[in-house]
Amino acid sequence: MRNILIFIFLLVLALALLAFAQPRAVQKPVKDGAGPLAVKLDPRLVAPEYHSPMEWWRTHHMDAVTRGDFAEADCLHCHDATTSCNNCHSYVGVRQIEQKD
Ligand code: HEC
Ligand code: HEC
């Protein structure tokens, strides 16, 4: 009888530990996401035409900037370097954009 009680106790303990040991979702730099990596922009801003389609722009903005079509300073009229460039850049390991203000 006592062994059974100990067994049940250990089983419940193991299940409780399992429930807490689930890996937490890793935060990513997602627009309007949660956590410190979230990409944030003033909601009153409208994305310029050259951002369209956004999926393309997200992966090709570096080409436009390195090609010299835009200066980084142009981006910072709308973007805050800390909350909508560098949170993502730190995550992917790209150099930081300098905030000029
Ligand atoms: C006129 C304001 C404005 C300017 C200038 C601007 N952006 Fe944006 N950008 C936005 C807005 C608004 C969004 C968010 C659009 C949305 O998600 O609906 C955005 C989104 C982005 C995103 C995607 C973020 C994400 O995770 O979804 C990237 C990357 C980006 N911009 C880079 C740039 C770069 C690089 C420049 C300069 C070449 C630039 N932007 C200039 C307003 C601007
Ligand atoms: C959602 C993620 C994300 C956001 C937000 C973002 N970038 Fe990027 N950026 C990247 C990635 C990924 C790369 C590198 C891709 C590669 O070269 O492999 C990159 C590369 C760049 C590069 C080339 C860097 C170099 O020296 O090689 C520039 C310039 C740049 N981004 C400008 C900006 C600016 C300015 C903003 C804010 C207005 C911005 N990015 C916002 C993801 C992002």
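In each ligand, atom 1 is the first atom listed, and ligand 1 is the first ligand listed.
- F70 and W56 fall within the same hydrophobic cluster, where Ile, Leu, Val, Met, Phe, Trp and Tyr residues are linked whenever their side-chain heavy atoms come under 4.5 Å apart, directly or through other members.
- Inside a sphere of radius 2.8 Å centred on atom 8 (Fe) of ligand 1, the protein N/O/S atoms present are H51 NE2, H79 NE2.
- For atom 31 (N) of ligand 2, a protein heavy-atom neighbour is found at a distance under 4.0 Å.
- Taking atom 24 (C) of ligand 2 as the reference point, the nearest protein heavy-atom neighbour is V94 CG1, 3.7 Å.
- Not one N or O of D74 is nearer than 3.5 Å to an N or O of ligand 1, by distance alone.
- In the displayed structure, F9 atom CZ is contacted under 6.0 Å by at most 12 heavy atoms of other residues, nucleotides or ligands.
- Listed by number with element, the atoms of ligand 2 under 4.0 angstrom from any heavy atom of V65 are 29 (C).
- Looking only at distances, no side-chain donor or acceptor of N86 sits under 3.5 Å from a matching main-chain atom of Q96.
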Going through the checks in order, is the side-chain contact (heavy atoms from CB on, under 4.5 Å) test met by K40 and D80? CA-CA 8 Å; K40 294 223 157 61; D80 182 308; over 6 Å; no
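- For I8, the side chain to side chain contact (heavy atoms under 4.5 Å, CB included) partners are I4, V12, not counting sequence neighbours.
- Of the protein's non-hydrogen atoms, the one nearest atom 26 (O) of ligand 1 is R58 NE, 3.6 Å.
- Closest approach of A81 to I97, counting heavy atoms only: CB-O, 3.8 Å.
- Within ligand 1, counting atoms from 1 as listed, the ones closer than 4.0 Å to a heavy atom of Y50 are 4 (C), 5 (C), 6 (C), 41 (C).
- Listed by atom number, the atoms of ligand 2 under 4.0 Å from E72 heavy atoms are 29 (C).
- Among residues two or more places apart in sequence or in another chain, the side chain to side chain contact (heavy atoms under 4.5 Å, CB included) test is passed with H51 by A47, P48, M54, W57, H79.
- Taking a 4.5 Å side-chain heavy-atom cut-off between Ile, Leu, Val, Met, Phe, Trp and Tyr, the cluster of V30 contains only that residue.
- Put simply, CG on L37 and OG1 on T83 are 12.0 Å apart, with the number rounded to the nearest 0.5 Å.
- For atom 34 (C) of ligand 2, the closest non-hydrogen atom of the protein is C85 SG, 3.5 Å.
- Atom 8 (Fe) of ligand 2 lies under 2.8 Å from an N, O or S atom belonging to H89.
- The closest protein non-hydrogen atom to atom 25 (C) of ligand 2 is R95 NE, 3.8 Å.
- Y91 and K28 get closest at one heavy-atom pair: OH-CG, 3.5 Å.
- Below 4.0 Å from some heavy atom of F70 lie the following atoms of ligand 1, by number and element: 38 (C).
- P29 approaches V39 most closely through the heavy-atom pair O-CG2, 3.7 Å.
- For atom 40 (N) of ligand 2, a protein heavy-atom neighbour is found at a distance under 4.0 Å.
- A distance of 9.5 Å separates NE2 of H60 from CZ of R67, quoted to the nearest 0.5 Å.
- M54 CE, 3.3 Å is the protein heavy atom nearest to atom 15 (C) of ligand 1.
- Here the protein heavy atom with the shortest distance to atom 3 (C) of ligand 2 is C88 SG, 2.7 Å.
- The protein non-hydrogen atom at the shortest distance from atom 13 (C) of ligand 2 is M62 CE, 3.2 Å.
- When atom types are taken as modelled, the side chain of S90 and the backbone of N87 share no donor-acceptor pair closer than 3.5 angstrom.
- Nearest non-hydrogen protein atom to atom 12 (C) of ligand 2 is V92 CG2, 3.7 Å.
- Residue V46 places a heavy atom under 4.0 Å from ligand 1.
- By the 4.5 Å heavy-atom criterion applied to side chains, D32 and P43 are not counted as neighbours.
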